[in-house]
A.B. asks: 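Got a structure here, written out as structure tokens. Questions coming.
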Amino acid sequence: GFIGRLVPEKGLDVLLRACVRLYGAWTLTVAGTGPEQETLEALAERLGIASRVTWLGGIPRAQHATLWPRLDCLVAPSRTTAGWVETYPVQILEAMGHGVTVVASDSGALPEVIGKAGLIFRDGHPEGLTEALTRLLEDGDLRGRLAAEGLPVAASLLLVLALLPLLATLLALLTLL
């Protein structure tokens, strides 16, 4: 699956191109909207995979919990550009926290966030993404192991994110003393 804004930086086109090379029974669920939606839908059509792609449109974060049971993995195919780099995608932590395996590009902070709890491929290279997705499709044990490894990673990082506002307040109070 894919959750994110439909803009070039998020790399959904890379995911669509990678899916063309997959074999077997697979589907792609896309949650998100953005200026590239029509272009991406047309790309899926041109690639011959439109019937395997479900476009859900924008889903409020509060409703993401309904998505996780539908996904075998979440793909974050972000690409670094001159004006943008992936920093801290909360959807990856949410996926790992719900036991969903993550596959991500090596853009920005993604490799550090995921660590060994997911698969990483080279930014902008559909071939590497196809390879990672094929491994997950063919190896249920790997998918299960990575999902299990993601749970504690997500828990610890989400805890840090939750504590940041409290720490900022505490620091502000300490500077007043």
Side-chain angles (χ1 to χ4, degrees), residues 1-56 67-68 70-96 98-147 149-150 153-154 157:
F2 174 93
I3 299 175
R5 186 142 164 79
L6 304 183
V7 293
E9 297 85 358
K10 290 296 186 174
L12 181 56
D13 63 307
V14 174
L15 175 55
L16 294 173
R17 286 183 173 91
C19 287
V20 169
R21 298 176 177 94
L22 293 175
Y23 294 98
W26 62 267
T27 60
L28 173 61
T29 300
V30 176
T33 61
E36 294 294 310
Q37 183 162 351
E38 287 182 18
T39 301
L40 291 164
E41 289 178 4
L43 177 60
E45 193 70 43
R46 277 194 316 276
L47 294 172
I49 60 170
S51 65
R52 292 181 179 233
V53 181
T54 302
W55 303 88
L56 300 178
L67 287 176
W68 304 125
R70 298 172 58 172
L71 305 180
D72 291 322
C73 73
L74 178 75
V75 180
S78 301
R79 64 164 58 93
T80 300
T81 67
W84 186 86
V85 64
E86 187 67 75
T87 54
Y88 212 77
V90 175
Q91 72 270 23
I92 285 180
L93 296 177
E94 289 178 355
M96 290 192 308
H98 285 87
V100 175
T101 304
V102 172
V103 178
S105 73
D106 61 1
S107 175
L110 293 176
E112 289 80 21
V113 170
I114 294 166
K116 296 182 182 190
L119 299 178
I120 304 293
F121 69 96
R122 200 164 120 214
D123 174 351
H125 287 80
E127 302 81 12
L129 178 51
T130 300
E131 182 181 312
L133 292 172
T134 299
R135 286 180 63 197
L136 293 178
L137 281 168
E138 293 176 350
D139 191 344
D141 291 340
L142 173 64
R143 197 170 54 248
R145 183 176 54 76
L146 292 174
E149 289 177 13
V153 170
L157 291 174

A.B. asks: Do the non-hydrogen side-chain atoms of V30 and L6 ever get within less than 4.5 Å of each other?
C.D. replies: yes
A.B. asks: Grab the two heavy atoms, one from V113 and one from L93, that are nearest each other, plus how far apart they are.
C.D. replies: CG1-CD2, 3.8 Å
A.B. asks: Would you say the side-chain atoms of R52 pair up with the backbone N or O of L28, donor to acceptor, closer than 3.5 Å?
C.D. replies: no
A.B. asks: Taking side chain to side chain donor-acceptor pair (under 3.5 Å) as the definition, give me every residue that meets it alongside R70, ordered by chain and number, with sequence neighbours left out.
C.D. replies: none
A.B. asks: Are the side chains of V103 and L136 in contact, using a 4.5 Å heavy-atom criterion?
C.D. replies: yes
A.B. asks: Do side-chain atoms of T101 reach the backbone of R143 as a donor and acceptor pair under 3.5 angstrom?
C.D. replies: yes
A.B. asks: May I ask you to decide if R122's main-chain N or O and D106's side chain share a donor-acceptor pair within less than 3.5 Å?
C.D. replies: no
A.B. asks: For the pair L43 and R17, evaluate side chain to side chain contact (heavy atoms under 4.5 Å, CB included) and give the outcome as yes or no after the intermediate values.
C.D. replies: CA-CA 9 Å; L43 177 60; R17 286 183 173 91; 3.7 Å; yes
A.B. asks: Kindly indicate whether the side chain of E149, heavy atoms from C-beta on, has any atom under 4.5 Å from the side chain of V153.
C.D. replies: no
A.B. asks: Between F2 and L16, is the side chain to side chain contact (heavy atoms under 4.5 Å, CB included) condition met? List the steps.
C.D. replies: CA-CA 10 Å; F2 174 93; L16 294 173; over 6 Å; no
A.B. asks: Check S78 against S107 and note the closest heavy-atom contact, atom names and distance.
C.D. replies: O-CB, 3.4 Å
A.B. asks: Can you tell me how far OG1 of T81 sits from CD of E86, rounded to the nearest 0.5 angstrom?
C.D. replies: 11.0 Å
A.B. asks: Could you tell me whether the side chain of W84 reaches within less than 4.5 Å of the side chain of V7, counting heavy atoms only?
C.D. replies: no
A.B. asks: Hey, does R79 have a side-chain heavy atom less than 4.5 Å from the side chain of D13?
C.D. replies: yes
A.B. asks: Distance-only, no hydrogens or angles: does the H125 side chain make a donor-acceptor pair with backbone N or O of D123 under 3.5 Å?
C.D. replies: yes
A.B. asks: Where do W68 and Q91 come nearest, in terms of heavy atoms and distance?
C.D. replies: CH2-O, 3.7 Å
A.B. asks: Might you work through the side chain to side chain contact (heavy atoms under 4.5 Å, CB included) test for L67 and L56, ending with a clear yes or no?
C.D. replies: CA-CA 10 Å; L67 287 176; L56 300 178; 3.3 Å; yes
A.B. asks: Under 3.5 Å, is there a donor on one side chain and an acceptor on the other for T29 and T54?
C.D. replies: no
A.B. asks: Given the rule in the side chain to side chain contact (heavy atoms under 4.5 Å, CB included) test, do R145 and L142 qualify, once you have shown the distances and angles that lead to the verdict?
C.D. replies: CA-CA 5 Å; R145 183 176 54 76; L142 173 64; 2.9 Å; yes
A.B. asks: Kindly indicate whether the side chain of M96, heavy atoms from C-beta on, has any atom under 4.5 Å from the side chain of I92.
C.D. replies: yes
A.B. asks: Tell me the closest heavy-atom pair linking R5 and G34, and the distance in Å.
C.D. replies: NH1-CA, 3.6 Å
A.B. asks: Does a sphere of radius 6.0 Å around CZ in R135 hold more than 12 heavy atoms from other residues, nucleotides or ligands, not counting ones at 6.0 Å or beyond?
C.D. replies: no
A.B. asks: Indicate yes or no: at least one non-hydrogen side-chain atom of L133 is less than 4.5 angstrom from one of L15.
C.D. replies: yes
A.B. asks: Between I114 and A104, which heavy-atom pair has the shortest distance, and what is it?
C.D. replies: CD1-CB, 3.2 Å
A.B. asks: About how many Å separate OG1 of T134 and CD of E131, when rounded to the nearest 0.5 Å?
C.D. replies: 8.0 Å
A.B. asks: Could you pull out the closest heavy-atom pair between P77 and L129, with the gap in Å?
C.D. replies: CB-CD2, 4.4 Å
A.B. asks: Within a reach of under 6.0 Å around CD of E127, are more than 12 heavy atoms found that belong to other residues, nucleotides or ligands?
C.D. replies: yes
